A.B. asks: 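This is the structure I want to talk about, given as structure tokens.
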Amino acid sequence: MKNVVVTGSASGLGAAIAGRLLQQGARVIGIDRHDAEIAADLSQATGRDEAVEHALSLADGVLDGVVSCAGLGPYDESQAIMSVNYFGAVAILDGLKDALSRGHNPAAVAISSLAAAVKPMVVSECLAACLDDDEAKAREIMKEQDGNPAYITAKRALAQAVRRRATEWGQLGIRLNAVGPGTMQTPMLDRLMSEEKHAAGIRSLPVPLNRVGSADAIAGTVCFLLGPDASYVHGVMLYADGGSQAFLAPDDI
Ligand code: NAD
């Protein structure tokens with residue numbers, strides 16, 4: 001049976017991913033602030049370390065999959081967004097890398113976002129601090145900023161961090177990919193749609209498939225990337241966004 005860690009397993013996409021993995025017979029180790037096998041706050045270094053340690057002990061040091069999905073929304077505070085959506089996500093991936101290297105056909109997926117494609121709103125100095133693993137600097141740069149650029153910058157940094165790890169992880173035999181969901185029906189979207197500032201942007205986003213995606217659609221994409229049908233897919237950012245990124249940047253491949 002596959003041992004898979006899923007962060008953000010208590011809600012939305014993470015819950016759908018955990019549910020789908022359970023259906024497939026995996027043993028899921030959920031990490032979230034509440035309602036999970038491991039309760040941990042991924043905004044804090046201590047919470048990340050405890051989560052990694054606890055997951056390693058539950059899995060006896062051997063994992064076959066990791067899904068880093070926990071995240072805050074653009075309505076949250078900018079510094080917390082940087083800490084959870086980038087530094088928390090990367091800490092879980094890196095902290096569980098050795099356990100994955102001992103797994104069976106191991107693979108990991110980071111949940112980024114279509115937001116990563118909104119390059120004009122990326123705060124480049126903060127992006128660089130993320131990729132330099134300088135959390136204090138990234139937080140300081142975003143101190144006065146709105147949640148939206150923090151969300152976009154963290155999600156772009158996460159997708160780039162995945163690609164930058166492709167060589168090292170590939171040599172360890174671990175496939176690592178990112179998923180960029182578009183507008184998906186989850187509690188995060190409900191909250192966004194309840195605040196006009198965010199709802200207007202979402203309503204104006206072109207979606208060629210002309211519909212909101214389900215959490216289950218992302219669960220399917222993630223399970224594909226974790227499974228044998230994706231055995232040669234490594235280091236990609238796979239947008240699952242109804243075609244929005246293709247609409248926004250048709251020549252960007
Ligand atoms: P959600 O709010 O329903 O779920 C997010 C989960 O992350 C929650 O269970 C929450 O408790 C957990 N979390 C937040 N902060 C945490 C912390 N400090 N420590 C531990 N857990 C924490 O949102 P969702 O829509 O399911 O989002 C899941 C992921 O998908 C997020 O990373 C989000 O940015 C990303 N995403 C969502 C959409 C969308 O349209 N819903 C689109 C693109 C990307």
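Quick caveat, the model's predicted, so the values are computed rather than measured. Note that ligands are numbered from 1 as they come in the structure, with each ligand's atoms numbered from 1 the same way.
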A.B. asks: Evaluate the side-chain contact (heavy atoms from CB on, under 4.5 Å) criterion for residues Ile92 and Val52: first the C-alpha distance (whole Å), next the side-chain angles of each, then the deciding distance (0.1 Å), finally the verdict.
C.D. replies: CA-CA 7 Å; Ile92 290 298; Val52 165; 4.0 Å; yes
A.B. asks: Do ligand 1 and Ile31 have nitrogen or oxygen atoms that lie under 3.5 Å from each other?
C.D. replies: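 No.
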A.B. asks: Please report, to 0.1 Å, the donor-acceptor pairs under 3.5 Å made by any side chain of residues 148-155, with sequence neighbours excluded.
C.D. replies:
residue	atom	partner	partner atom	Å
Thr153	OG1	Val123	N	3.0
Thr153	OG1	Pro149	O	2.7
Lys155	NZ	Ile111	O	3.0

A.B. asks: Specify side chain, backbone, both or neither for Val84, according to which of its non-hydrogen atoms lie closer than 4.0 Å to ligand 1.
C.D. replies: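 Side chain only.
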A.B. asks: Identify whether Leu93 and Leu63 are in the same connected component of the hydrophobic contact network (ILVMFWY, side-chain heavy atoms under 4.5 Å).
C.D. replies: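 Yes, it is one cluster - the side chains of Leu93 and Leu63 are joined through contacts under 4.5 Å.
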A.B. asks: Closer than 4.0 angstrom, basic N to acidic O: yes or no for Lys119 and Asp252?
C.D. replies: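 A salt bridge links Lys119 with Asp252.
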A.B. asks: Identify which of Ala110, Ser9, Ser11 has a heavy atom lying nearest to atom 3 (O) of ligand 1.
C.D. replies: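 Nearest option to atom 3 (O) of ligand 1, by heavy atoms: Ser11.
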A.B. asks: In terms of residue, atom name and distance, what is the protein heavy atom nearest to atom 5 (C) of ligand 1?
C.D. replies: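 Closest protein heavy atom to atom 5 (C) of ligand 1: Gly71 O, 3.6 Å.
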A.B. asks: May I ask you to list the atoms of ligand 1 that are less than 4.0 angstrom from any heavy atom of Ala40?
C.D. replies: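 Counting atoms of ligand 1 from 1, those under 4.0 Å from Ala40 are 19 (N), 20 (C).
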A.B. asks: Going by the closest heavy atom to atom 22 (C) of ligand 1, which one wins out of Gln185, Arg33, Met188?
C.D. replies: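 Shortest heavy-atom distance from atom 22 (C) of ligand 1: Arg33.
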A.B. asks: Starting from atom 18 (N) of ligand 1, locate the nearest protein heavy atom and write down its residue, its atom name and how far away it is, to 0.1 Å.
C.D. replies: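 Nearest neighbour among protein heavy atoms for atom 18 (N) of ligand 1, to 0.1 Å: Asp41 OD1, 2.9 Å.
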A.B. asks: Looking only at the side chains, is there a donor atom on one of Gln185 and Asp190 sitting less than 3.5 Å from an acceptor on the other?
C.D. replies: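 Side chains of Gln185 and Asp190: pair found under 3.5 Å.
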A.B. asks: Quick one: does Lys155 get within less than 4.0 Å of ligand 1, heavy atoms only?
C.D. replies: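 It does; at least one heavy atom falls under 4.0 Å.
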A.B. asks: Starting from the C-alpha separation in whole Å, work towards a yes-or-no answer on side-chain contact (heavy atoms from CB on, under 4.5 Å) for Asp94 and Trp169.
C.D. replies: CA-CA 10 Å; Asp94 288 345; Trp169 286 52; 3.8 Å; yes
A.B. asks: For atom 26 (O) of ligand 1, state which one of Ile92, Leu13, Asp190 supplies the nearest heavy atom.
C.D. replies: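 Nearest heavy atom to atom 26 (O) of ligand 1 lies in Leu13.
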A.B. asks: Just jot down the ligand 1 atoms closer than 4.0 angstrom to any heavy atom of Cys69, in number order.
C.D. replies: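 Counting atoms of ligand 1 from 1, those under 4.0 Å from Cys69 are 28 (C), 29 (C), 31 (C), 32 (O).
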A.B. asks: Are any of the N or O atoms of Thr186 closer than 3.5 Å to those of ligand 1?
C.D. replies: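 Right, the criterion is met.
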A.B. asks: The criterion is side chain to side chain donor-acceptor pair (under 3.5 Å); which residues satisfy it with Lys143, sequence neighbours excluded?
C.D. replies: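 Once residues adjacent in sequence are excluded, the partners of Lys143 under the side chain to side chain donor-acceptor pair (under 3.5 Å) criterion are Glu140.
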A.B. asks: When only distance counts, is Leu42 in polar contact with ligand 1, meaning an N/O pair under 3.5 Å?
C.D. replies: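 There is such a contact, yes.
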A.B. asks: Closest non-hydrogen protein atom to atom 40 (O) of ligand 1, residue and atom name please, with distance?
C.D. replies: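 Going by distance alone, atom 40 (O) of ligand 1 is nearest to Met184 N, 2.9 Å.
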A.B. asks: List every atom of ligand 1 that sits less than 4.0 Å from any heavy atom of Tyr151, numbering the atoms from 1 in the order shown and giving each element.
C.D. replies: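 With Tyr151 as reference, the close atoms of ligand 1 come out as 33 (C), 34 (O), 35 (C), 36 (N), 43 (C), 44 (C).
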A.B. asks: Students should be able to answer this: which protein heavy-atom is nearest to atom 8 (C) of ligand 1, and at what distance?
C.D. replies: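 Heavy-atom neighbour on the protein nearest atom 8 (C) of ligand 1: Asp32 OD2, 3.6 Å.
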A.B. asks: Determine, using the 4.5 Å side-chain heavy-atom cutoff (strictly less than), whether Val212 and Leu13 are members of one ILVMFWY cluster.
C.D. replies: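 Different clusters.
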A.B. asks: At less than 4.0 angstrom from any non-hydrogen atom of Gly12, what atoms of ligand 1 do you find?
C.D. replies: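 Once the distances to Gly12 are compared, the set is 3 (O), 26 (O).
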A.B. asks: Report, as yes or no, whether the 6.0 Å neighbourhood of atom CD on Glu53 holds more than 12 heavy atoms from other residues, nucleotides or ligands.
C.D. replies: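 At most 12 heavy atoms, drawn from other residues, nucleotides or ligands, come within 6.0 Å of this atom.
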A.B. asks: What I want to check is whether the side chains of Ser214 and Asp216 have a donor and an acceptor closer together than 3.5 Å.
C.D. replies: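 There is no such pair (donor and acceptor under 3.5 Å, judged by atom type) between the side chains of Ser214 and Asp216.
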A.B. asks: Run the contact test for Gly182 against ligand 1 with a 4.0 Å cut-off on heavy atoms, strictly below, and give the result.
C.D. replies: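 Yes, Gly182 has a heavy atom closer than 4.0 Å to ligand 1.
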A.B. asks: Using a strict cut-off of 4.0 Å, indicate which atoms of ligand 1 neighbour a heavy atom of Ser112.
C.D. replies: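 Selected atoms, number and element: 44 (C).
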A.B. asks: With the threshold set at 4.0 Å, does a side-chain nitrogen-carboxylate oxygen contact exist between Arg139 and Glu77?
C.D. replies: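 Between Glu77 and Arg139 there is no salt bridge, as every charged N stays at least 4.0 Å from the carboxylate O atoms.
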